[in-house]
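The structure under discussion appears below in the form of structure tokens.
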Amino acid sequence: MKRVGILAIQGDVEAHAGALARIGAEAVPVLREKHLADVDALILPGGESTTIAKGIDRLALAEPLRVFADSGRPVLGTCAGAILIASESRHHPVPTLGLIDLVALRNDYGTQVDSFAAPADPGSGDFAGMRCVFIRAPRLAELGEGVEVLARVEGEPVLVRQGNRLACTFHPELTEDSRVHRLLV
Ligand code: GLN
């Protein structure tokens with residue numbers, strides 16, 4: 001059984017654990033460097049990136065998280081987690097981990113009341129038609145050359161990959177569709 005760490009400072013930790021359970025993977029809450037030692041992959045969940053970034057700083061986790069990504073094990077950042085995984089964030093910037101060569105534009109899809117669900121564009125390969133839930137989502141901009149777009153919604157990149165790192169602007173843990181979690185695992 002694969003063990004998948006979920007950064008458990010704040011945000012959608014339980015919903016990700018549920019999504020992992022549905023595909024037969026074990027969720028491991030991560031709050032200390034030692035929790036990263038024996039996990040096969042890692043999720044940085046959605047939530048509030050300001051709060052999560054403060055927690056990363058307080059718990060001195062930035063360097064351990066970077067070392068984890070450099071170990072080659074897969075890392076997925078969803079929504080606030082996609083902001084944290086970026087090389088830079090804009091619109092009330094928060095400190096990021098710099099794991100994927102892109103700029104995350106915070107709240108660029110609007111406020112809470114602008115939350116919406118939309119299908120991934122037909123050209124999105126394995127993810128075509130996937131229902132994507134957006135909640136105060138960041139937009140992914142200035143993608144570096146090594147960043148591959150795996151899914152788009154209305155032409156905008158919503159799921160991208162750079163090597164072992166994935167960024168997802170929507171919330172794959174809030175639907176029954178397991179495609180993103182399966183990719184990670
Ligand atoms: N708007 C939040 C932020 O910038 C992210 C929202 C989410 O994760 N659903 O941190």
Side-chain angles (χ1 to χ4, degrees), residues 4-20 27 29-31 41-59 61-62 65-66 69 74-120 127 130-143 147 149-154 156-162 165-181 183-184:
V4 179
I6 307 174
L7 186 64
I9 293 166
Q10 185 270 336
D12 235 356
V13 179
E14 280 184 29
H16 273 294
L20 290 169
V30 170
L31 281 170
L42 177 68
I43 294 173
L44 310 175
E48 183 52 50
S49 57
T50 320
T51 307
I52 300 173
K54 279 186 187 153
I56 290 173
D57 184 48
R58 182 167 36 87
L59 299 168
L61 278 174
L65 292 170
R66 288 192 191 101
V75 182
L76 165 67
T78 59
C79 204
I83 296 167
L84 296 166
I85 217 171
S87 35
E88 189 189 330
S89 74
R90 290 196 199 134
H91 304 173
H92 305 288
V94 295
T96 63
L97 296 166
L99 300 180
I100 297 190
D101 184 9
L102 60 81
V103 176
L105 307 177
R106 294 184 63 199
N107 301 322
D108 209 57
Y109 285 93
T111 64
Q112 193 80 16
V113 292
D114 303 309
S115 299
F116 66 101
F127 299 93
M130 181 176 183
R131 185 166 174 270
C132 304
V133 175
F134 295 85
I135 305 170
R136 292 188 302 125
R139 201 177 299 271
L140 306 181
E142 300 181 29
L143 272 52
V147 181
V149 178
L150 301 182
R152 293 180 187 272
V153 167
E154 291 172 12
E156 292 288 316
V158 296
L159 175 64
V160 304
R161 172 179 185 165
Q162 185 168 25
R165 297 114 197 253
L166 297 158
C168 181
T169 59
F170 57 93
H171 285 267
E173 77 284 9
L174 295 183
T175 61
E176 299 285 303
D177 194 320
S178 299
R179 279 179 260 185
V180 174
H181 289 89
L183 175 67
L184 177 76

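Each ligand, and each atom within it, is numbered from 1 in the order the structure gives.
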Among protein heavy atoms, which lies nearest [atom], and at what distance?
atom	value
atom 1 (N) of ligand 1	N107 OD1, 2.5 Å
atom 5 (C) of ligand 1	G47 O, 3.4 Å
atom 4 (O) of ligand 1	R106 NE, 2.8 Å

Any atoms of ligand 1 less than 4.0 Å from a non-hydrogen atom of [X]? List them with their elements.
X	value
C79	5 (C), 6 (C), 7 (C), 8 (O), 9 (N)
I135	6 (C), 7 (C), 9 (N)
G46	8 (O)
I83	3 (C), 4 (O), 10 (O)

Is a side-chain donor or acceptor of Q162 paired with a backbone partner of D101 at a separation under 3.5 angstrom? yes
Who's closest to atom 9 (N) of ligand 1 heavy-atom-wise, of H171, R136, E48? H171
Out of S49, S115, G81, indicate the one that has the non-hydrogen atom closest to atom 10 (O) of ligand 1. S49
Neighbour count above 12 (heavy atom, 6.0 Å) for E154 CD: no
Is it the case that atom CZ in R66 sees more than 12 heavy atoms from other parts of the structure closer than 6.0 Å? yes
Any carboxylate oxygen within less than 4.0 angstrom of a Lys/Arg side-chain nitrogen, looking at E176 and R131? no
Parallel, tilted or perpendicular: which describes the rings of F116 and F134, with under 30° parallel and over 60° perpendicular? parallel
Check whether the side chains of T50 and H92 place a donor and an acceptor atom closer than 3.5 Å, and report yes or no. no
Short N or O distance, A80 and ligand 1, threshold 3.5 Å exclusive: yes
When L44, L76, L20 are each screened for side chain to side chain contact (heavy atoms under 4.5 Å, CB included) with I6, the one that passes is L20
